[in-house]
Amino acid sequence: MTDKELSQRAKEYFTQIRKTDRLIQRLTDTVNTLRSGLTSQSYELKPDKVQTSGPKDTLGETIAKIMSLEDDINTRIDELVTMKKEAFSMISKVPDLDQQNVLVGRYIQLKKWEDLAAEFEYTTQWLFEIHGKALLAFAKENADFLKEPSKV
C-alpha cells in the first residue's frame, strides 16, 4: 500500500466515528421531536361523536417509539465510546505529540479545523500539514489493523 492509500484508510477509519456521532445526534433529535409532540397535543372530549373503529392509542404508540429509539441510541453510544477508546489507543502509538493532539482533537473530540487552529495557535495551513503527517504516522503505526477490510 502506498502512503496515500494508507492515509486514506486512516481517514476512512476515523470517519466512522463522526458518522456514528451524527447518527446518534439525529436519533436524539427525533426523540426530542416526538417528546415535544407529546406535550403539545391537545385532547378534546366530544361525547356526541361516535367512533366506529376502536380507540387509537397514539400516545402509547408514541411512547413506545420513543423508548425503542432511546434503546437504539444507548446501544450506539456504547459503540461510539468503544470506537473512541480504540481510536485513542491507536493514536497514542503516534510518536509526535502535536500529531497526536491534532488527531484526538479532530477525530475523537470532533472539533472543527478553525477551532483546532485557534486552540493550537497555528495557521489552518500548518494544521493541515501536521494532520497529513499525523495520518501517515497513524497509518504506519497501525498498518496491520488498517489492512483488515472489516476494520475500515
Side-chain angles (χ1 to χ4, degrees), residues 1 4-45 51 53-122 124 127-128 130-152:
M1 238 182 225
K4 187 171 183 165
E5 289 171 330
L6 277 174
S7 292
Q8 188 58 37
R9 301 269 301 178
K11 273 187 186 179
E12 290 168 7
Y13 169 74
F14 287 128
T15 298
Q16 296 307 310
I17 293 173
R18 189 172 296 278
K19 286 179 180 178
T20 302
D21 188 71
R22 283 184 184 146
L23 179 60
I24 290 168
Q25 187 57 49
R26 295 209 191 303
L27 291 172
T28 302
D29 290 347
T30 302
V31 166
N32 291 337
T33 300
L34 288 171
R35 279 199 176 128
S36 69
L38 286 177
T39 59
S40 66
Q41 289 180 1
S42 61
Y43 295 96
E44 288 183 35
L45 295 176
Q51 291 183 342
S53 62
K56 285 200 136 196
D57 186 12
T58 56
L59 180 66
E61 289 173 6
T62 303
I63 291 172
K65 286 178 188 176
I66 290 171
M67 291 172 60
S68 175
L69 280 170
E70 286 177 335
D71 288 343
D72 190 26
I73 291 168
N74 288 331
T75 300
R76 292 187 188 268
I77 288 172
D78 291 342
E79 290 172 11
L80 181 62
V81 168
T82 300
M83 291 168 74
K84 284 185 175 186
K85 280 182 184 177
E86 180 182 72
F88 183 77
S89 174
M90 291 177 11
I91 289 169
S92 68
K93 294 178 185 177
V94 173
D96 185 279
L97 291 179
D98 281 341
Q99 293 174 4
Q100 281 186 26
N101 277 317
V102 169
L103 292 175
V104 168
R106 181 69 179 160
Y107 298 112
I108 294 181
Q109 296 175 332
L110 305 174
K111 291 186 177 183
K112 294 179 180 179
W113 290 116
E114 300 79 22
D115 296 337
L116 284 174
E119 182 180 319
F120 295 130
E121 298 178 358
Y122 293 149
T124 308
L127 191 66
F128 290 157
I130 294 171
H131 175 256
K133 291 175 183 176
L135 281 177
L136 189 55
F138 175 85
K140 287 182 176 179
E141 292 295 330
N142 299 286
D144 293 340
F145 178 83
L146 293 175
K147 284 181 182 175
E148 296 177 40
S150 63
K151 299 293 183 182
V152 179

Quiz item: Can you find a heavy atom in the side chain of Tyr13 that is under 4.5 Å from one in the side chain of Leu135?
Solution: no

Self-check item: Met67 and Ile63, any side-chain heavy atoms less than 4.5 Å apart
Solution: yes

Quiz item: Which residues satisfy the side-chain contact (heavy atoms from CB on, under 4.5 Å) test with Thr20, sequence neighbours excluded?
Solution: Ile24, Leu80, Met83

Self-check item: Thr82/Glu86 under side chain to side chain contact (heavy atoms under 4.5 Å, CB included): CA gap, chis, key distance, verdict
Solution: CA-CA 6 Å; Thr82 300; Glu86 180 182 72; 5.5 Å; no

Quiz item: Got a sec, which residues hit side chain to side chain donor-acceptor pair (under 3.5 Å) with Lys85, two or more places apart in sequence or on another chain?
Solution: none

Below 3.5 Å, can you tabulate the donor-acceptor pairs from side chains in residues 97-111 to any protein atom, sequence neighbours excluded?
unit_1	atom_1	unit_2	atom_2	d
Asp98	OD2	Tyr122	OH	3.2
Gln100	NE2	Ser92	O	3.4
Gln100	NE2	Val94	O	2.5
Asn101	ND2	Leu97	O	3.2
Arg106	NH1	Lys111	O	3.0
Tyr107	OH	His131	NE2	2.6
Lys111	NZ	Glu119	OE1	2.6

Quiz prompt | salt bridge (Lys or Arg N to Asp or Glu O under 4.0 Å) involving Lys140 - partner list, sequence neighbours excluded | solution = Asp3

Exercise. Applying side chain to side chain contact (heavy atoms under 4.5 Å, CB included), run through Leu69 and Leu34 and close with a yes or a no.
Key: CA-CA 10 Å; Leu69 280 170; Leu34 288 171; 3.8 Å; yes

Self-check item: By ring-ring contact (aromatic ring centres under 6.0 Å, His included) - contacts of Phe128 (at least two apart)
Solution: Trp113

Quiz item: Roughly how far, to the nearest 0.5 Å, is CD of Glu12 from OG of Ser7?
Solution: 11.0 Å

Quiz item: Can you tell me how far CD of Glu114 sits from OG1 of Thr124, rounded to the nearest 0.5 angstrom?
Solution: 6.0 Å

Quiz item: When you look at NZ of Lys65, are more than 12 heavy atoms from neighbouring residues, nucleotides or ligands closer to it than 6.0 Å?
Solution: no

Quiz item: Do other residues, nucleotides or ligands put more than 12 heavy atoms under 6.0 Å from the CZ atom of Arg26?
Solution: no

Quiz prompt | Stepwise side chain to side chain contact (heavy atoms under 4.5 Å, CB included) test for Ile66 and Leu38 | solution = CA-CA 10 Å; Ile66 290 171; Leu38 286 177; 3.7 Å; yes

Quiz item: Quick one: do the Asp21 and Gln25 side chains pair a donor with an acceptor below 3.5 Å?
Solution: no

Exercise. Looking only at non-hydrogen atoms, find the nearest pair between Phe14 and Ala87 and report the distance.
Key: CE2-CB, 4.1 Å

Self-check item: Verdict with reasoning, Lys112 to Asp115, per side chain to side chain contact (heavy atoms under 4.5 Å, CB included)
Solution: CA-CA 5 Å; Lys112 294 179 180 179; Asp115 296 337; 3.8 Å; yes

Self-check item: Contact list for residues 70-84, test salt bridge (charged side-chain N to carboxylate O under 4.0 Å, His left out), sequence neighbours left out
Solution: Arg35-Glu70, Asp72-Arg76

